[in-house]
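From a predicted model like this one, the values you see are computed outputs, not experimental measurements. All values below come from the heavy atoms of this structure, side chains included, with hydrogens, waters and symmetry mates left out. Numbers here simply count residues along the sequence, with the first being 1.
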Amino acid sequence: MTADPIAGTVASLMPRARAELAELVAFRSVADPAVFPKSECEAAAAWVADALRTEGFQDVAVLDTPDGSQSVYGLLPGPEGAPTVLLYAHYDVQPPLDEAAWLSPPFELTERDGRWYGRGAADCKGGFLMHLLALRALKANGGVPVTVKVIAEGSEEQGTGGLERYAEAHPELLTADTIVIGDTGNFRVGLPTVTATLRGMTLLRVRVDTLEGNLHSGQFGGAAPDGLAALIRVLDSLRAEDGSTRVDGLAADAVWEGLDYPEADFRKDARVLDGVGLIGDGSVSDRIWARPSVTVIGIDAPPVVGATPSIQAGARATVSLRVPPGQDTGEATKLLTAHLEKHTPWGARVAVEQIGQGAAFRADTSSPAYTAMAEAMRAGYPGQDMQTAGQGGSIPLCNTLAALYPDAEILLIGLSEPAAQIHAVNESVSPEELERLSVTEAHFLVNYAESKRG
């Protein structure tokens with residue numbers, strides 16, 4: 001069998017990719033100035049822009065978007081008449097959560113047990129490196145056969161819509177024949193997978209107030225309404241007895257038609273403790289890809305250490321609702337808001353504020369670009385056929401791009417397979433996956449260009 005020169009080139013570039021990923025991971029680029037200074041994101045954006053310039057990109061620009069974040073754009077012209085492919089990644093990351101729980105510093109790329117650990121290593125700074133590796137491999141083997149646009153978003157994890165609003169105001173910027181979103185992942189390591197669906201998301205902040213101020217629990221407890229207890233009642237109303245999401249008026253019985261996710265595999269991937277049951281009904285695939293799911297992702301309450309014997313006058317929480325394809329995110333937001341208001345007990349005052357939203361997405365996997373990707377995945381993963389799965393996460397930009405460019409084909413691949421533990425402590429990336437997916441993407445660009453010529 002003839003050796004694949006693209007694969008050989010990517011393999012030779014991996015030490016450089018590791019060093020670059022270490023530099024990029026070192027930026028604490030959480031797009032929330034309450035967590036880390038905005039300068040961290042600005043420095044990461046500048047790094048990405050410099051990397052594009054080094055690769056010969058033209059018109060490289062750091063774009064100031066309406067939510068205060070920065071996205072980085074660049075254009076690499078291809079042969080005359082070649083199709084245009086937009087490559088997407090984001091350089092902003094989730095907060096590190098409990099830094100003490102990390103086995104190595106979250107912003108210091110560390111190799112351990114064959115994986116590279118660090119916040120953003122998989123989601124999605126590694127995705128940007130995947131794009132660079134693919135392009136470098138093509139340049140070393142005859143050139144890049146398509147015109148390439150790269151966009152690296154700066155606030156994807158916050159869901160505040162900066163790049164979406166910018167793209168809507170400048171629709172000519174990101175026009176492309178095909179768009180590769182490098183922000184999902186294989187079903188598991190070594191199994192080449194494209195993501196066919198994404199759940200949408202709405203993010204609400206709910207506050208419940210009952211008193212003008214905190215009270216002594218001995219003097220007033222038993223009659224004075226407890227704001228924290230009222231909030232707990234509201235949040236508990238969002239789940240049925242079996243843990244299924246329950247929002248009044250919101251359907252939660254859809255069935256996933258596609259790749260099955262065995263419960264035993266899910267328990268291992270999710271690190272469920274022995275003896276603890278899964279929540280909800282239906283198959284795991286139904287629950288995480290086809291149905292809505294609610295999560296309380298933050299709550300303001302007195303910490304255990306230093307707590308006083310007080311009745312809380314009020315409390316607040318941030319509630320995330322994932323919305324599957326086929327359900328309107330705006331309508332789901334209205335239903336969730338109404339549910340929270342209706343289930344607030346004791347006549348307590350409740351205020352609900354929306355702080356983020358993104359629509360669900362469904363790809364057309366019968367399009368020519370998917371045929372080119374299937375062939376490319378066989379090159380990147382010899383002996384393996386492309387699989388199609390859903391993903392419970394949200395990428396709000398997908399629907400914006402689909403609306404702006406209805407003729408463009410959109411493919412979703414990436415490095416966030418289950419072992420990556422994205423958004424959790426000890427996030428990591430498999431360097432083998434980075435290598436294989438870079439080879440895959442390079443072959444995809446070649447295959448896609450040939451399909452357009454044909």
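- Side chain of Asn214 to main chain of Gln312: no donor-acceptor pair is present (N/O by atom type, distance under 3.5 Å, no hydrogens or angles).
- For the pair Arg18 and Trp116, the cation-pi test (distance below 6.0 Å, angle within 45°) is passed.
- In terms of modelled atom types and a separation under 3.5 Å, the side chain of Glu427 and the main chain of Ala122 share a donor-acceptor contact.
- Side chain of Thr210 to backbone of Ala313: a donor-acceptor contact under 3.5 angstrom is found.
- Side-chain atoms of Val93 and Asp123, non-hydrogen and from C-beta on, never get closer than 4.5 Å to each other.
- Note on residues 289-314: pairs passing salt bridge (Lys or Arg N to Asp or Glu O under 4.0 Å), not counting sequence neighbours, are Asp281-Arg291, Asp286-Arg291, Asp300-Arg316.
- For the pair Gln357/Met201, no side-chain contact is recorded, criterion being any heavy-atom separation below 4.5 Å from C-beta on.
- At least one donor-acceptor pair under 3.5 Å links the side chain of Arg119 to the backbone N or O of Pro95.
- Note that OG of Ser69 is 7.0 Å distant from CD of Glu153, once rounded to the nearest 0.5 Å.
- Two rings, from Tyr88 and Phe128, have their centers 6.0 Å or more apart.
- Using a 4.5 Å heavy-atom cutoff, the side chains of Ser71 and Tyr166 are not in contact.
- Just one of Leu21, Leu415, Val48, Asp92 meets the side-chain contact (heavy atoms from CB on, under 4.5 Å) condition when paired with Lys125; it is Leu21.
- Judged purely by atom type and a 3.5 angstrom limit, Trp102 uses its side chain to pair as donor or acceptor with the backbone of Pro96.
- Ring centroid separation for the pair Tyr261 and Phe187 comes in under the 6.0 Å cut-off.
- Taking 4.0 Å as the cut-off between side-chain N and carboxylate O, Glu108 and Arg28 do not count as a salt-bridged pair.
- Side-chain atoms of Thr65 never come within 3.5 Å of backbone atoms of Arg165 as a donor-acceptor pair (strictly under, hydrogens ignored).
- A 4.5 Å side-chain heavy-atom check between Arg239 and Ile279 finds at least one atom pair inside the cut-off.
- With hydrogens and angles disregarded, no donor-acceptor distance shorter than 3.5 Å links the side chain of Arg188 to the backbone of Ala419.
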